[in-house]
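Labels below follow one simple rule: chain letters A, B, ... track the order of the sequence lines, proteins then strands, and each chain is numbered from 1.
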Number of protein chains: 2
Amino acid sequence: MGLSPRRSPDVHPSKALLSLPFLLTFLLVGSRGESNAMDNVATERMAEESHRQDSANLLIFIMLLTLTILTIWLFKHRRFRFLHETGLAMIYGLLVGVILRFGVHVPQSMSDVILSCAVNASPATLLVNVSGRFYEYTLKGEVSRGKGHQVQDDEMLRKVTFDPEVFFNILLPPIIFHAGYSLKRRHFFRNIGSILAYAFMGTVISCFVIGLIMYGFVSFMKVVGQLGGDFFFTDCLFFGAIVSATDPVTVLAIFNELKVDVDLYALLFGESVLNDAVAIVLSSSIVAYQPAGDNSHSFEAMALLKSFGIFLGVFSGSFALGVATGVMTAFVTKFTKLRDFPLLETALFFLMSWSTFLLAEACGFTGVVAVLFCGITQAHYTFNNLSPESQDRSKQLFELLNFLAENFIFSYMGLTLFSFQSHVFNPLFIIGAFIAVFLGRAANIYPLSFLLNLGRKNKIGSNFQHVMMFAGLRGAMTFALSIRDTATYARQMMFSTTLLIVFFTVWVCGGGTMPMLSFMSIPVGVDSDQDTSQSSAVLDGSQRRNTKHESAWPFRIWYNFDRNYLKPLLTHSGPPLTATLPACCGPLARCLTSPQAYENEGQLHDDDSDFILNDASVSSMYADVTVSTDASGSRTINRKRSSTASTGVGPFDEALDHELALAEHEVAIRGTRLVLPMDDPIEPPTTVTLPPPPSPPRSDPRRHRL
Amino acid sequence: MGLSPRRSPDVHPSKALLSLPFLLTFLLVGSRGESNAMDNVATERMAEESHRQDSANLLIFIMLLTLTILTIWLFKHRRFRFLHETGLAMIYGLLVGVILRFGVHVPQSMSDVILSCAVNASPATLLVNVSGRFYEYTLKGEVSRGKGHQVQDDEMLRKVTFDPEVFFNILLPPIIFHAGYSLKRRHFFRNIGSILAYAFMGTVISCFVIGLIMYGFVSFMKVVGQLGGDFFFTDCLFFGAIVSATDPVTVLAIFNELKVDVDLYALLFGESVLNDAVAIVLSSSIVAYQPAGDNSHSFEAMALLKSFGIFLGVFSGSFALGVATGVMTAFVTKFTKLRDFPLLETALFFLMSWSTFLLAEACGFTGVVAVLFCGITQAHYTFNNLSPESQDRSKQLFELLNFLAENFIFSYMGLTLFSFQSHVFNPLFIIGAFIAVFLGRAANIYPLSFLLNLGRKNKIGSNFQHVMMFAGLRGAMTFALSIRDTATYARQMMFSTTLLIVFFTVWVCGGGTMPMLSFMSIPVGVDSDQDTSQSSAVLDGSQRRNTKHESAWPFRIWYNFDRNYLKPLLTHSGPPLTATLPACCGPLARCLTSPQAYENEGQLHDDDSDFILNDASVSSMYADVTVSTDASGSRTINRKRSSTASTGVGPFDEALDHELALAEHEVAIRGTRLVLPMDDPIEPPTTVTLPPPPSPPRSDPRRHRL
């Protein structure tokens, strides 16, 4: 992501401040006529000074991140859990913001010249004729009215302000991609119906509930005379959309560490990931809907329908685009022997994933949504085609990018509270917003859970509902959406309020998640893998039926289609397409099926998601391995059950168990064709030479070797 | 590197083009008075369009890179070696440049408004009052005189032009850091004297020779009337400085693949890495020297001395800063238990390395030089403190960043030939430049080699000299330096000529390296590791003496100091400081020595450089391991020689051999204190439980396990 030429407004204003002495000489020089060389030198020095200042500004953030990392380590080391790392990053950001605001006194700069000549337009590029020499200027944006003369106040603070586009184009994509890439797809797809309901319907409900409540508040404020500017109904809806996006980051981290119930985890995580996508599309639809009415900003049914159309179009377009690039990457990695060169492979993987984002943005779709589904597709198909080394590399790369981007955003959030120039803190509005957010979340969770429970075999308990209600933190996406446009009074008030909501939810709700879980008596320490292995260890009839019933019929259809056609087409896994496609497609099928597919029919586990593990689960896996290093125990388990995964050695056991749960399930739904005879002689694990072993967790192979 | 808020000029001009319809409505709206909402919408749409266009532009580059990667793979797969990947990237860039130049016809945009009002300065920020509303503009730069009206020509081409600062701040640092980080320090330090001579004296000689020759040519051109603008002596020197930087990228890749003689490799690589640093500092000193004289740009002894002072100051400052941050990182990683969390550790490592660059730039030093020495320090000390996983991660991360940045630069180079607007191709100047570059290189290599051979035991043969002469490719750094400033006629001519020189050297010299090597009958296929193991396997007296004599006395002093004080201080390796420091420093020494240092006195090999291997050498290592998997052979070798590395198992054998060569050497120069008794019983390798094993190459542990 490092090559983007994004522009940031903090770069150039800095010139103004530090280049003052140079500017003065420059002015003097300029006035005495044509001293070209000196001018050039002065310009060069100015540029140099500006560059130096920019480096210093960026350094502030790097130092902030370094400090955050060290403190995170300290917290992890001492097992403090009351504050998540993102909360920590915010606190550091706050501190630096306070220092910049009140500690650093910067002299007033007078280097900005206000031109008052009669220009009747504000083009993007401006050429200014300064005594015969042309200077090119680029439009930075409009300055709030009446602030013309105060605009150069607090240069230092303005310098540390990034272009909001930086968040959308550089910082968010890796976070969202990582979320999609590391999604535990098995649990996700098991709850796909509920997740979609919460994410789509829930977010829309929440958006409208918050919008309506805020409209009420705003109307009240107008009556009382507390409102300092325009605030339309569409603004209220926009506010509803941006604060409806719950954040996957913090919840994910806490729940992951505590090993909460897998279904609760899947519901919350799935909701918050899709949530972000929905909120982006929703808010941009509302903005697009806005101009339809003129100043009145009134509510029109037709415009609403149009908005809805835009929403659907953008969402499905982004979805299709993300999946398409994912599929293309899978094709490329399958049909070239790129896997011999892990570096090239990783680079290609990275570039293709990034190009998804750019392509979507260039087409007018939402890059973040596209990148999310691209991540899911990449993890489901492409990941299996990669060489083991590239699998590691790509995982680690995206993990690192995600970590850095996340902490950067949160520390920047803290900084913004003090560095942002046009905060509008309106107590009434803030109170209203907190109430609205609370009610909006409640209107999302409780009614939907009730409706979903009517259809679900595996009910969502009331304690789960309370936790979901409580754990709806607002984070990076809400911030990014609200900082995107802070031009009007309404948007400024929204931004300030949103910032407070984010702070509150991250610190209070985030910190309170642990007590909340124990208060709600929700079991903690349930390993997602352990959970499955338990269920497969005691594979009695009821459990199996349960697994079957959990999966809704659309999921089963999809599962079969994926297993029989898509996976063989896009990866090296079996069954070969020659077996699954009708005979008429024989030549095509032969051409598209890779030689490995014939050999390892069942080799590729269907829930690869569980191989994309985080550190916590990896270490727990290794713990298991060390217990059963003799491998005889594991081998007997192998023999006892099935040999679809006879290639597994020690560390694959857990994966095996997963596979079993689904293999059993598979037997029930489409016959025993793919399950090899039970008494197949198993090769000793030490001689395994499988060409592409299905990505065992290898984050620390030394431990394994010892 | 992804978080940088660098500004690029290609972002905003694009607005001008595509926002034309919006701009028109905007103008109409603006003229009829106050329709705030519509204005906002129009601005928003303009921003959106511009953003879309930017994404499309960036997408061009990503696609270019993807294409390059696929072709690189094809070439590697088919074992084509006549064209290096960088050359390939350049060709693709050229093609896209041609398409953009001649294929895409863009209508003339009239949206740039030229203000002719009486402004007598060009401040960094401009506030324009457009009928009561203030717009903020930032200075982009001066537009070439007389081109005021043509400046908006070929918008499309201008859009794909990056700010040169992007190269310096985003693309170069990872390349240079990687060069330092992956430096084979043993061979490097063995030839440190010669490398420094070539890099410092050689570059300065080359710079002046080229400068003088060019001055002759330029004077001739002035007489003939072929010169279209000013070209001063300092310009000639500047040109000499920028084209004296040889490129490590291409040579490194070719030589690495062919496994050329290690000393030749070390000389060329070391020279070209330090070269870059010298060229940067040299060229900026020349620029700083320029203003001292007024228009005359004459040659003054005093100013030259001043330049030399600046050169030394900047170089040593950057060096110190790079080393200092490296040492700080080593301290942090040593004294915190950050290694328990590889992600945090990698992130910290990455951020600290990046902050070196920013810190140096903020202090007015040269970031690239600082980053180079930071890389070397990190590899020498910090790398040993990292957890094995972080070692892998950091290596892979920097490798990937390096790869992407490199290919991006080279494909951009190709693009620039057609997309750059103000090319000045002057046949006479170009011919002169080619001759000057050739002679400059010759004046660097041959006289210096002659002088060095007087002092060297291991002479630099004339065939080596010819290869060094031939393999002086110009690459990324030359390009970056020349594109940095293209405002004047002289600089434009330099840029165009430099581009041609880069193309020529990369394609012709790069492609001709193989034939050249065989023509010069230089042995190919010599493995750097094999070379050492050979020498230690036949450890007869003469060879040992050879090793000893190869190392100059400053190197020996440094080696002892490093071994006894710096390594124990900065890493976990022994000997403990309590043993090496005088008794009076006892408490401090105890405090600074890590517990591991007492256990594994000789555990850390002194030439860790060989552990930072590229894939090629890793696979060759593994080949050796598979041969001697019984491990008994290796153990007997262990017992026979020394036990400073008794902790070594199979794959460490080669490392052991390296260690031996130096251990023997050590015995000779500082007594046997640290060498344990020869008949020390060696533990069986399978029970080794060393806490931080000395970073064996583990890029593909599976192969090892099988």
Side-chain angles (χ1 to χ4, degrees), chain A residues 1-2 5 7-8 10-13 15-16 27 37 41 52 55-56 58-59 62 65-66 69 73 111-117 119 121-130 134-138 140 142-143 148 162 170 291 295 338 344 347-348 351 355 358 361-362 393 396 403 408 701-702, chain B residues 1-3 5 7-8 10-13 15-16 27 37 41 52 55-56 58-59 62 65-66 69 73 111-117 119 121-130 134-138 140 142-143 148 162 170 291 295 338 344 347-348 351 355 358 361-362 388 393 396 403 701:
Chain A
M1 308 262 128
R7 188 191 77 102
S8 153
D10 78 320
V11 175
H12 274 263
K15 260 181 192 169
L27 281 169
V41 170
R52 197 177 289 186
S55 302
L58 203 54
L59 199 61
I62 304 292
L65 281 184
T66 313
I69 288 173
W73 164 72
S111 58
D112 288 348
V113 173
I114 300 190
L115 286 178
S116 294
C117 50
V119 202
S122 60
T125 309
L126 201 68
L127 293 176
V128 180
N129 183 342
V130 182
F134 287 96
Y135 290 90
E136 193 172 356
Y137 282 81
T138 47
K140 205 181 121 184
E142 196 187 342
V143 176
F162 281 84
I170 297 181
N295 265 1
L338 211 60
L344 295 184
L348 184 89
L351 289 176
S355 73
L358 293 173
E361 292 287 320
R393 280 184 180 219
Q396 291 171 355
F403 176 80
F408 189 90
R702 170 162 302 120
Chain B
M1 307 261 125
L3 315 177
R7 188 190 76 101
S8 153
D10 78 320
V11 175
H12 274 261
K15 259 183 192 168
L27 280 169
V41 169
R52 197 176 289 187
S55 302
L58 204 53
L59 199 61
I62 305 291
L65 281 184
T66 313
I69 288 172
W73 164 73
S111 59
D112 287 348
V113 174
I114 299 193
L115 286 179
S116 295
C117 52
V119 202
S122 59
T125 310
L126 202 67
L127 293 176
V128 180
N129 182 343
V130 182
F134 286 95
Y135 291 90
E136 193 173 357
Y137 283 82
T138 48
K140 206 181 123 184
E142 197 187 341
V143 176
F162 281 83
I170 297 180
N295 264 4
L338 211 60
L344 295 184
L348 185 89
L351 289 176
S355 72
L358 294 173
E361 293 286 320
R393 281 184 178 216
Q396 291 171 356
F403 176 81

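When every heavy atom of B:L344 is checked against every heavy atom of A:I69, the shortest pair comes out as O-CG2, 3.6 Å.
With B:S355 as reference, A:L59 is the one residue of A:T66, A:L65, A:L59 to meet the side chain to side chain contact (heavy atoms under 4.5 Å, CB included) rule.
Between the CG atom of A:L358 and the CD1 atom of B:I62 there is a distance of 5.5 Å, given to the nearest 0.5 Å.
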